[in-house]
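Remember, predicted model here, so these are calculated numbers, not experimental data. First the proteins, then the strands, lettered A, B, ... as listed; each starts at 1.
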2 protein chains.
Amino acid sequence: MATAAAPWGEALRAHGYRITPQRQFVFEAVTDLGHGTPEEILAWVQSRSPGVNLSTVYRALEVLEEVGLVTHAHLGHGAPTYHEVDDEVHVHLVCAGCQEIDSVPAQMAQGFIDALERDRGFSTDIGHMTVQGLCRRCRAAGKSGRPRGVDRT
Amino acid sequence: MATAAAPWGEALRAHGYRITPQRQFVFEAVTDLGHGTPEEILAWVQSRSPGVNLSTVYRALEVLEEVGLVTHAHLGHGAPTYHEVDDEVHVHLVCAGCQEIDSVPAQMAQGFIDALERDRGFSTDIGHMTVQGLCRRCRAAGKSGRPRGVDRT
DNA sequence: GTAGGTGCAAAGATTTTGCAGTGCT
DNA sequence: AGCACTGCAAAATCTTTGCACCTAC
């Protein structure tokens, strides 16, 4: 039973990394949360193992990203959000009103992506694509996105 | 000649803000640079007026954004990039290889945006839309985007 | 047993804020 | 002349790094 590693563990092994409970918790957090910032992931992990440190979360995410288990996207502000890789590729929709994150299947953007490829030779990293805007609910509530004032486009 | 304000000045006046050389420089920097981070904007401004402080740049950008002269988008990492508002609305293309920023007219994404509107009731803030990927040059050079390794999609 | 991994604390980087002096209106 | 704006410096965030101890293999 020496090498009875779970599939996610395999990925670590394959890259010469060790399997540790901290890394497992971090990966589970990402999987469970769907989308999470380092802070949110830490909170989740600490609910199982209070001693885990923020820097460990950062380092674990770095490793998990390198071995291809998770990715991150930059949504609003400066908050990087991590999510699992192996589920269906999707585009992130960030609501400027409620900060909520929605996802849509990548195919919806296919035409656009093809156009970029054709016209610019630009190869899109679909999973990192971020779309800012206002969700249905916030539009109905008449929110304008940013608190300040006029926000053209 | 009391109120001989330039068009950009008008916008400030209209919102009760004063016209100052610092704000003018910051706005010129944004216009001239096309895309710029606060740091880059500071550098540009200081080339004209060395005494200007970083915090002044931040405050000026905040004001200029409020009156609708500039906007910002979050491109790679945590670097907010500011650009002029009144030119044609465009989508940002960020190359993961060379960090360069390209723009494409918003119409290219129209189909996608319409689909989001139709299916999700999501109103897209086109100017803030960010697309990560690899530009033609970096693809040719065989870059993979992130230095680390595998990067799916 | 050994090298990689973790926790802790300090260092960095980036953005924000308080305050007194300055300059736009 | 009044009050918003600026410069400076300190505070607040968020992320990274150095080091001694611990643990997976």
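- Looking only at atom types and distance, the side chain of His72(A) has a donor-acceptor partner in the side chain of Glu65(A) under 3.5 Å away.
- Under the side chain to side chain contact (heavy atoms under 4.5 Å, CB included) criterion, Arg48(A) pairs with Phe25(A), Trp44(A), sequence neighbours left out.
- Minimum atom distance to the side chain of Thr20(A) is reached by dG5(C), of the listed dC14(D), dG7(D), dG5(C).
- Side-chain contact between Leu134(B) and Asp125(A): absent, with no pair of heavy atoms (C-beta onward) separated by less than 4.5 Å.
- Aromatic ring centroids of His90(B) and His83(B) lie under 6.0 Å apart.
- Counting to the nearest Å, the P atom of dG5(C) and the CZ atom of Arg13(A) are 12 Å from each other.
- Not a single donor-acceptor contact under 3.5 angstrom links the side-chain atoms of Arg59(B) to the base of dC5(D).
- In the helix from dG1(C)-dC25(D) to dT25(C)-dA1(D), the end axes, each obtained as the rotation axis mapping the C1' atoms of four pairs onto the next four within a five-pair block, lie 40° apart to the nearest 10 degrees.
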Show which side-chain atoms of residues 102-115 of chain B pair as donor or acceptor with protein atoms under 3.5 Å away, not counting sequence neighbours.
| unit_1 | atom_1 | unit_2 | atom_2 | d |
| --- | --- | --- | --- | --- |
| Asp102(B) | OD2 | Arg120(A) | NH1 | 3.0 |
| Ser103(B) | OG | His35(B) | NE2 | 3.3 |
| Gln110(B) | NE2 | Asp114(B) | OD1 | 3.2 |

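- Gly16(B) comes within contact range of no nucleotide atom at all, as no heavy-atom separation falls under 4.0 Å.
- For Pro80(B), counting side-chain heavy atoms from C-beta on, the closest listed nucleotide (dC25(D), dT15(C), dT6(C)) is dT15(C).
- Evaluation of the side chain to side chain donor-acceptor pair (under 3.5 Å) rule for Gln22(A) yields no partner, not counting sequence neighbours.
- Listed pair Gln22(B) / dG7(D) meets the phosphate criterion, a side-chain N or O lying under 4.0 Å from OP1 or OP2.
- Checked by atom type and distance alone, the side chain of Thr31(B) pairs as donor or acceptor with a backbone atom of Phe27(B) at under 3.5 Å.
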Show each protein N/O and nucleotides 9-13 of chain C N/O combination with a separation under 3.5 Å, one pair to a line.
none

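- Listed by chain and residue number, Arg139(B) satisfy the salt bridge (Lys or Arg N to Asp or Glu O under 4.0 Å) test with Glu117(A) (two or more places apart in sequence, or in another chain).
- Between Leu54(B) and Tyr17(B), the residue anchored closer to the 5' end of DNA chain C is Leu54(B), taking for each the nucleotide with the nearest heavy atom.
- Within residues 36-49 of chain A, no residue is approached by DNA chain C to less than 4.0 Å at the level of any non-hydrogen atom.
- Of the candidates dT6(C), dT25(C), dT14(C), dT25(C) carries the atom nearest the Arg18(B) side chain, counting heavy atoms from C-beta on.
- For Glu39(B), there are no side chain to side chain donor-acceptor pair (under 3.5 Å) partners two or more places apart in sequence or in a different chain.
- Side-chain N/O atoms of Arg23(B) include one lying less than 4.0 angstrom from OP1 or OP2 on dC5(D).
- Using a 4.5 Å cut-off on side-chain heavy atoms (C-beta onward), Leu61(A) and Val30(A) make contact.
- If you take CG of Leu12(B) and P of dT6(D), they are 10 Å apart, rounded to a whole angstrom.
- Taking the side chain to side chain donor-acceptor pair (under 3.5 Å) definition, one finds that Ser55(B) meets it with Asn53(B), sequence neighbours left out.
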